[in-house]
*Asks:* 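Can you read through this structure? Questions will come right after.
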Amino acid sequence: MARKDRRPVWLLAAALLGTVAMISAQSQQPNLGYDDTPFQPDGKWRVHDVRRPAPQSVTPGLFVSAPPPKDAVILLGDGADLSGWQTDAGAPAPWPMAAGVLQTGKGIIRTKAEFSDIQLHVEFATPSTVVGSSQDRGNSGVFLSGVFEIQVLDSFENPTYADGQASAMYGQYPPLVNASRRPGEWQSYDIAFTAPRFNSAGELSSPAVVTAFHNGVLVHHARSFWGGTAHRRILPYKPDMARGPIRLQDHGNPVRYRNIWLRSLISDK
Ligand code: MG
């Protein structure tokens with residue numbers, strides 16, 4: 001059958017390539033948020049609201065590591081192995097570790113032990129070679145009580161939705177300021193976490209509350225979680241959120257962790 005379109009084949013091919021390039025450029029636009037997600041309970045912002053302003057950037061002071069105090073539970077440290085960690089399914093934690101530095105691998109890992117109110121110290125580094133943008137750049141996360149995520153992301157000159165950037169209470173609150181260091185540099189989170197409480201009927205009596213410092217800079221001051229962390233929504237509170245493991249997220253980006261310790265703030269006997 002004769003070709004009816006009289007344009008030369010090379011012109012058609014060029015047009016097709018142009019369309020493919022346009023679609024691929026669109027798919028590489030950074031995700032700056034959503035306008036179709038549910039509103040948070042106070043009605044101010046949607047989850048991952050595209051209109052929510054990004055916090056100001058603040059250059060933190062020099063990095064200072066925080067060695068564990070004597071009463072700390074050491075989750076990741078010099079000479080420690082991964083015997084205190086496992087997958088959610090209970091298999092050995094499959095992430096590679098060398099010389100006390102752990103790198104994200106396949107699937108989320110969690111501590112075998114569970115906790116409620118804690119002080120937590122975490123050191124992490126996103127890749128020094130920048131790959132991807134927005135939520136695809138150095139993404140991981142630290143989950144408190146198993147379900148409340150403090151976001152880990154390379155947020156150094158990396159626009160994304162405000163409640164999804166580094167140290168955000170993911171999907172709920174942006175940090176007060178963006179205290180991120182450059183890609184590849186070690187950074188720290190210091191977190192005081194009060195687990196939620198439930199009455200004997202299983203109803204929420206007080207929400208999870210977090211105070212957090214990113215590289216020594218206050219980013220959350222006694223803020224309550226609306227509920228558990230999820231993408232594009234908020235999980236309703238459930239009594240089993242009252243205690244849980246520390247979980248580290250695999251988001252497909254290589255992120256390193258070291259020197260993770262916590263202090264239990266109430267007797268867990
Ligand atoms: Mg994350």
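Remember, it's 1-based here, ligands and their atoms both numbered in the order they're listed. When reading the values below, keep in mind they use all heavy atoms of this one structure, side chains included, and skip hydrogens, waters and symmetry mates.
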*Asks:* Check whether the ring centres of Y170 and H48 lie less than 6.0 Å apart, and answer yes or no.
*Replies:*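 Under 6.0 Å, so yes.
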*Asks:* How about Q135 and Q165: does a side-chain donor come under 3.5 Å of a side-chain acceptor?
*Replies:*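 Note: Q135 and Q165 side chains miss the donor-acceptor criterion.
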*Asks:* With a cut-off of 2.8 Å, does any N, O or S atom of Q151 fall short of it relative to the Mg ion (ligand 1)?
*Replies:*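 True for Q151.
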*Asks:* Is R232 atom CZ crowded by more than 12 heavy atoms from other residues, nucleotides or ligands, each under 6.0 Å away?
*Replies:*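 Atom CZ in R232 is packed in, count exceeds 12.
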*Asks:* Answer with yes or no whether the side chains of E123 and H121 bring together a donor and an acceptor at under 3.5 Å.
*Replies:*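 Judged by distance alone, the side chains do pair up.
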*Asks:* Is there an N/O/S atom in N139 that lies less than 2.8 Å from the Mg ion (ligand 1)?
*Replies:*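 Of the N, O and S atoms in N139, at least one lies under 2.8 Å from the Mg ion (ligand 1), which means yes.
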*Asks:* Checking one value in my table: which N/O/S atom of E149 lies closest to the Mg ion (ligand 1)?
*Replies:*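 Of all N, O or S atoms in E149, the Mg ion (ligand 1) lies closest to OE2.
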*Asks:* Which angle, to 10 degrees, forms at the Mg ion (ligand 1) with OE1 of Q249 on one side and O of S140 on the other?
*Replies:*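 Vertex at the Mg ion (ligand 1): approximately 80°.
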